[in-house]
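This chain uses plain numbering: 1 for the first residue, then up along the sequence. No experiment lies behind these values; they were computed from the predicted model shown.
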Amino acid sequence: MRARTRKLVGTVLLLVVLIIYSLLVMLAAAAVLPAGGKIVELIFYAVAGLAWVLPAGYLIKWMYGAPPDHP
């Protein structure tokens with residue numbers, strides 16, 4: 001796959017994943033946060049705010065990785 005195509009696919013995939021992730025986090029927040037206190041809210045937002053970074057990092061690493069050489 002060419003570098004431009006890889007970056008395009010990765011960008012679209014990253015946007016789709018982030019939109020789905022944010023919707024799932026909103027659903028989880030509506031279910032978890034009303035029953036918890038301020039500490040639960042702080043922990044939830046800290047974990048939810050950082051949880052997307054690792055998968056996005058792998059995707060970005062793939063996007064900018066060197067394409068395999070073809071003989």
Would you tabulate the side-chain donor-acceptor contacts of residues 18-42 under 3.5 Å, counting partners in other chains and residues two or more places apart, or write 'none'?
residue : atom : partner : partner atom : Å
Tyr21   : OH   : Ala48   : O            : 2.5
Ser22   : OG   : Leu18   : O            : 3.2
Ser22   : OG   : Ile19   : O            : 2.8

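Contact check for Leu14 versus Trp52: no side-chain heavy atoms found under the 4.5 Å cut-off. Inter-residue side-chain proximity for Arg6 and Tyr64 is flagged as unmet; no heavy-atom pair is nearer than 4.5 Å.
When the side-chain contact (heavy atoms from CB on, under 4.5 Å) test is applied to Leu13, the partners found at least two apart in sequence or on another chain are Val17, Leu59.
Under the 4.5 Å side-chain contact rule for hydrophobic residues, Val53 and Phe44 share a cluster.
Here the closest non-hydrogen pair linking Lys7 and Met63 is O-CE, 3.7 Å.
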